[in-house]
Amino acid sequence: MKTESIHIGREPEQFREQCAAKLLTLVEASSRLHAFVGLDGFVDEIIHVVDKRDNAETYQRVPTIEALGDRIVKAAGKSTNIELVVERTKLGGNGPIMANALARLGIKVTYVGALGYPVMHPVFNEFARRAEVHSIAEPGRTDALELQDGKVMLTKSIQLNEITWQNIQARFSRDKFIEKFSTADLVAFVNWTMIPYMSDLWASLLSEFCPNPRVVRRKIFFDLADPEKRTGKDITRALELIVRFEKFFDVILGLNEKEAYEVGNVLGLNTSARSREGLAALSAEIQRKIPISTLVVHPVSYALAVSGGEVSTVDGPYVEKPLITTGAGDHFNSGFCLGKLLGFGTAASVLLGVTASGYYVRNAQSPTIEGMVELLRNWPHRT
């Protein structure tokens, strides 16, 4: 395994400046790109968990997932009350968040998913002004408990059972779906875990519409989205289908750190080395087991990508107090895909991914290209 890092052989400041300068020259090129994204949709409530309430206006938050877990465990055999404070309500789901971020980066986006049916939920109105949006089902609901060391996502997703190839054809249009699928520069199917019939949809697309690969290979992105609750058999089938798309597309599979270990376990790999070096080695092994163009893994403070047997690792910007973490991974995916679409190398695309994610958690909004350039040129470090 060959390992590449922007800290080896070149100054990271120079590398960030080179990427920033190149990105600025490609704003117009970005506006000519088309992305076709689907298929989930959630209404997210971003929630703080109360530890101690000072008065009617102020309170102290439960700081960590461990602290929250301890409180719940101590209530075993008894009962407890945990107060939740809704900080904001926003569009949610891996697909809408990623698609909205791509649109903010200037890409022409078409989205098909669960945004409210027959009437779209108002939380998606701003997104619909930014992209071409089509809804085929009611959205799921997520209570996103944000803590200092991560988040606990409590989801109600039975609505996503309506996302089937039959409903897509009836409620959107078979011909329109295939036209978008067949022409977009980037196709992205995300949140496989929450969509029970996603694998069946992929199988239909492979059997019905992928026999004639174009001369110019396009990009297709997949995100499993925390497959812990799915069976090993289901995950194996999904991975096999994803590999089959490589015949027709340059396939990108995105995982977070937890998901990488889960996929490694399903593939029968050794996942015991829980370190940066261990994750890089595991990622390279996963990519060998599922031969696709690029595997991307994004832990919290850095990210890596494996392409052609080479591992590229890039640290993210330091963020002492994130304003939001729900959706950070989806923003990473949007930045990484932007880099790949614009012809950046793998390490540079990882840098754009951590930049998009870093901007989002610092500002609680999706970046424009100009916003990404500003962060690249004013990179925060731990003091």
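Predicted model, so just to flag it, every value in this text is computed and none were measured.
- Because its NZ or CZ atom is both nearer than 6.0 Å to the ring centre of Y261 and within 45° of the ring axis, R274 counts as a cation-pi partner of that residue.
- L376 is not connected to Y318 by any chain of hydrophobic side-chain contacts under 4.5 Å among Ile, Leu, Val, Met, Phe, Trp and Tyr, and they are in different clusters.
- Look at E45 and R141 and you find no salt bridge, because none of the NZ, NE, NH1 or NH2 atoms lies under 4.0 Å from a carboxylate O.
- Here the straight-line distance linking atom NZ of K78 with atom OG1 of T80 works out to 9.5 Å at 0.5 Å rounding.
- Under the 4.0 Å criterion applied to side-chain N and carboxylate O atoms, E126 and K90 are not assigned as salt-bridge partners.
- A distance-only check finds no donor-acceptor pair linking the side chain of N167 to the backbone of I163 [under 3.5 Å].
- If you chain together hydrophobic residues whose side chains sit under 4.5 Å apart, M120 and L91 fall into the same group.
- Taking the ring axis of W192 as reference, the NZ or CZ atom of R230 stays within 45° of it and closer than 6.0 Å to the ring centre.
- Using a 4.0 Å cut-off between charged side-chain N and carboxylate O, R174 and E208 make a salt bridge.
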Exercise for review: Begin from the C-alpha positions of S272 and N270 and carry the test side-chain hydrogen bond (donor to acceptor under 3.5 Å, both in side chains) through to its verdict.
Suggested key: CA-CA 6 Å; S272 60; N270 184 351; 2.7 Å; yes
Point to revise | Evaluation steps, salt bridge (Lys or Arg N to Asp or Glu O under 4.0 Å), between D175 and K180 | key: CA-CA 9 Å; D175 291 342; K180 296 292 185 181; over 6 Å; no
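- When only modelled atom types and interatomic distance are considered, E310 and T346 share no side-chain donor-acceptor pair under 3.5 Å.
- Both V243 and L253 are assigned to one and the same hydrophobic cluster, defined by single-linkage of ILVMFWY side chains at heavy-atom distances under 4.5 Å.
- In this structure, L239 CG and L267 CG are separated by 6.0 Å, a value rounded to the nearest 0.5 Å.
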Exercise for review: Start with the C-alpha distance between F177 and W165, add both sets of side-chain angles, then the distance that settles ring-ring contact (aromatic ring centres under 6.0 Å, His included), and finish with yes or no.
Suggested key: CA-CA 10 Å; F177 190 94; W165 182 220; 5.4 Å; yes
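- Of the residues listed (S307, S312, S349), the one engaging T294 in a side chain to side chain contact (heavy atoms under 4.5 Å, CB included) is S307, and it is the only one.
- Here D51 pairs with R71 in a salt bridge; the nearest charged N to carboxylate O distance falls below 4.0 Å.
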Exercise for review: I would like to know whether F332 and H298 meet ring-ring contact (aromatic ring centres under 6.0 Å, His included); could you show each step before the answer?
Suggested key: CA-CA 8 Å; F332 171 87; H298 48 89; 5.0 Å; yes
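- A salt bridge does not link D185 to K340: none of the charged side-chain nitrogens sits closer than 4.0 Å to a carboxylate oxygen.
- Hydrophobic clustering, with ILVMFWY side chains joined whenever heavy atoms are under 4.5 angstrom apart, keeps L323 apart from I97.
- With respect to R217 and E246, a salt bridge is recorded, a charged nitrogen being found less than 4.0 Å from a carboxylate O.
- A salt bridge is absent between E240 and R237; no separation between the charged side-chain nitrogens and carboxylate oxygens falls under 4.0 Å.
- Residues F15 and L342 fall within the same hydrophobic cluster, defined by Ile, Leu, Val, Met, Phe, Trp and Tyr side chains chained together at heavy-atom separations under 4.5 Å.
- Of the options L26, L105, L352, a side chain to side chain contact (heavy atoms under 4.5 Å, CB included) to I369 is made by L105 and by none of the others.
- Between F181 and F189, the angle of the ring planes stays under 30°, which puts this pair in the parallel group of the 30/60° scheme.
- The CG atom of D40 sits 5.0 Å away from the CD1 atom of I195 when rounded to the nearest 0.5 Å.
- When V296, V187, V190 are each tested for a side chain to side chain contact (heavy atoms under 4.5 Å, CB included) with F221, only one passes: V190.
- Between I136 atom CD1 and L115 atom CG the span is 9.0 Å, to the nearest 0.5 Å.
- Contact check on R171 versus E162 returns a salt bridge, with a Lys/Arg side-chain nitrogen under 4.0 Å from an Asp/Glu carboxylate oxygen.
- Considering only heavy atoms from C-beta on, V109 stays 4.5 Å or farther from F36 through its side chain.
- D223 has its side chain out of reach of N191: every pair of non-hydrogen atoms, C-beta onward, lies at least 4.5 Å apart.
- Electrostatic pairing of K258 and E262 counts as a salt bridge here, judged by a charged N lying under 4.0 Å from a carboxylate O.
- Here the CZ atom belonging to R61 is positioned 6.5 Å from the CG atom belonging to L147, to the nearest 0.5 angstrom.
- Here the side chains of P317 and T355 are not in contact, with every heavy-atom distance at 4.5 Å or above.
- The distance from the CG atom of D70 to the OG1 atom of T64 is 7.5 Å, given to the nearest 0.5 Å.
- K219 and D250 are joined by a salt bridge, as a carboxylate oxygen and a charged side-chain nitrogen come within less than 4.0 angstrom of each other.
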Review point. side-chain hydrogen bond (donor to acceptor under 3.5 Å, both in side chains) between T183 and H34: does it pass, once the steps are laid out?
Key: CA-CA 8 Å; T183 59; H34 290 79; over 6 Å; no
